[in-house]
Structures are given as C-alpha cells and as structure tokens.
Amino acid sequence: MRMMRFEGRIWRSLVLFGAVAAAAFGSPQGHAQSEKKIAVVATTGMVADVARAVAGDRAQVEALMGPGVDPHLYRQTRSDVIKLSRADIVFYNGLYLEAQLEELLVELGKTKSVIAVAEGAPRDRWLAHDDYKD
C-alpha cells in the first residue's frame with residue numbers, strides 16, 4: 001500500500017512536469033523540420049528522460065549527471081556552467097536535490113527559463129526537514 005502512494009506521487013509529478021515541458025516546447029503541429037532544436041539541459045538523467053519524451057525531435061536534451069552520481073553532492077564543472085548558460089531552457093528537480101547547484105540555478109533563472117520541476121507538486125505533499133526552512 002505504501003508503495004502505491006509513492007508511485008502515485010511520482011506519477012503526479014511526472015504529469016505536472018510533462019505539462020510544464022509541453023508548454024515550454026510548444027505544440028507539435030506548429031513545428032517545422034527546418035526550425036532550430038531547443039537546447040535543453042537537465043540536471044539528472046531522470047529529468048532529462050522526461051524532457052526527451054515530451055520534446056521528441058523538437059529539442060536536443062542533455063543531462064549534466066550520469067548514472068550513479070549523487071545529485072545532493074554534485075558540484076558543477078566549468079563545462080557544466082557553459083552548457084547551462086548556452087541552454088534555451090534548464091530543468092532541475094529542485095527541493096534541494098541538487099543542493100550544490102542551487103545557487104547557480106537560481107542565478108541563471110534571472111536571465112533564462114530555469115524550472116524546478118518537483119516544486120510544482122502541491123505543497124501539502126512535501127515532506128519537511130528541520131534543517132530547511134519551508
């Protein structure tokens with residue numbers, strides 16, 4: 001029973017992410033083959049997988065972190081900063097998953113579309129930790 005509720009939360013988060021990504025990528029009917037692909041950078045492979053599934057051939061999606069990388073501890077490299085700054089849109093999990101990247105992502109969000117996908121989930125579903133305000 002507990003696993004079912006967890007899967008339900010994941011499903012709702014993915015649906016919400018899909019809606020955000022679909023809005024960002026536009027509708028497939030308006031896409032011409034000659035148009036330039038949208039440059040998308042996602043922090044984790046899971047977020048990148050969903051972006052690829054939603055965007056299809058309209059975007060070039062790249063993940064910063066590969067399999068087995070702990071997103072809590074990941075620190076950006078110089079090439080990551082370049083990838084992020086050149087992207088048309090950046091997707092990240094949020095909710096402190098990418099704790100070491102957060103300051104950079106917030107700063108980038110002042111000049112480009114940077115979306116924390118998990119933060120779109122209803123706040124009453126968030127689990128709190130005493131060390132983090134809100």
Side-chain angles (χ1 to χ4, degrees):
M1 185 69 161
R2 186 176 186 147
M3 181 58 98
M4 293 287 281
R5 282 187 280 180
F6 180 70
E7 288 174 358
R9 281 188 237 155
I10 290 173
W11 178 248
R12 282 190 293 279
S13 294
L14 289 175
V15 168
L16 178 64
F17 176 49
V20 169
F25 297 128
S27 68
Q29 292 83 5
H31 178 70
Q33 281 299 95
S34 62
E35 289 183 30
K36 180 182 171 247
K37 289 186 178 191
I38 298 168
V40 178
V41 174
T43 54
T44 66
M46 290 183 293
V47 174
D49 288 345
V50 176
R52 283 185 196 101
V54 173
D57 66 347
R58 294 172 292 211
Q60 178 63 41
V61 180
E62 185 171 359
L64 291 182
M65 299 175 216
V69 174
D70 183 346
H72 298 96
L73 303 175
Y74 186 82
R75 289 193 172 266
Q76 73 270 9
T77 63
R78 215 176 289 172
S79 64
D80 291 341
V81 174
I82 292 168
K83 287 175 195 173
L84 290 164
S85 65
R86 290 182 179 167
D88 295 314
I89 188 166
V90 175
F91 290 108
Y92 70 108
N93 187 80
L95 299 178
Y96 302 112
L97 181 70
E98 304 94 336
Q100 304 298 320
L101 287 172
E102 189 161 318
E103 189 176 315
L104 172 63
L105 294 168
V106 168
E107 195 61 33
L108 277 172
K110 294 176 181 176
T111 59
K112 65 174 61 243
S113 294
V114 178
I115 299 168
V117 297
E119 292 178 13
R123 287 184 69 88
D124 64 337
R125 300 294 217 155
W126 291 12
L127 300 176
H129 189 281
D130 293 338
D131 291 345
Y132 299 98
K133 183 179 180 230
D134 296 328

Count I, L, V, M, F, W, Y as connected when their side-chain heavy atoms are under 4.5 Å apart, and connections chain through other members. Are [X] and [Y] then in the same cluster?
| X | Y | result |
| --- | --- | --- |
| Val50 | Val114 | no |
| Leu101 | Val81 | yes |
| Ile38 | Val41 | no |
| Tyr96 | Tyr92 | no |
| Val117 | Ile89 | yes |

Is [Y] close to [X] at the side-chain level, that is, under 4.5 Å between some pair of heavy atoms?
| X | Y | value |
| --- | --- | --- |
| Lys83 | Leu64 | yes |
| Glu119 | Leu95 | yes |
| Thr43 | Leu105 | yes |
| Glu98 | Val47 | no |

Working to the nearest 0.5 Å, report the span between [atom1] of [X] and [atom2] of [Y].
| X | Y | atom1 | atom2 | result |
| --- | --- | --- | --- | --- |
| Met65 | Leu73 | CE | CG | 10.0 Å |
| Glu62 | Asp80 | CD | CG | 8.5 Å |
| Glu107 | Glu102 | CD | CD | 12.5 Å |

request  = Of all the heavy-atom pairs spanning Val61 and Ala48, show the shortest one and how long it is.
outcome  = CG1-O, 3.7 Å
query = Given the rule in the side chain to side chain contact (heavy atoms under 4.5 Å, CB included) test, do Leu97 and His72 qualify, once you have shown the distances and angles that lead to the verdict?
reply = CA-CA 5 Å; Leu97 181 70; His72 298 96; 3.6 Å; yes
key: The single option from Ile115, Val40, Leu84 passing side-chain contact (heavy atoms from CB on, under 4.5 Å) against Val90   =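 Of all the options given, the one that passes is Leu84.
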message = With a 3.5 Å distance limit and no angle check, can you tell me whether Asp49 reaches the backbone of Met46 through a side-chain donor-acceptor pair?
response =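 Between the backbone of Met46 and the side chain of Asp49 there is no qualifying donor-acceptor contact (under 3.5 Å).
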query = Would one find more than 12 heavy atoms of other residues, nucleotides or ligands at under 6.0 Å from atom CD of Gln76?
reply =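 Yes, enclosed.
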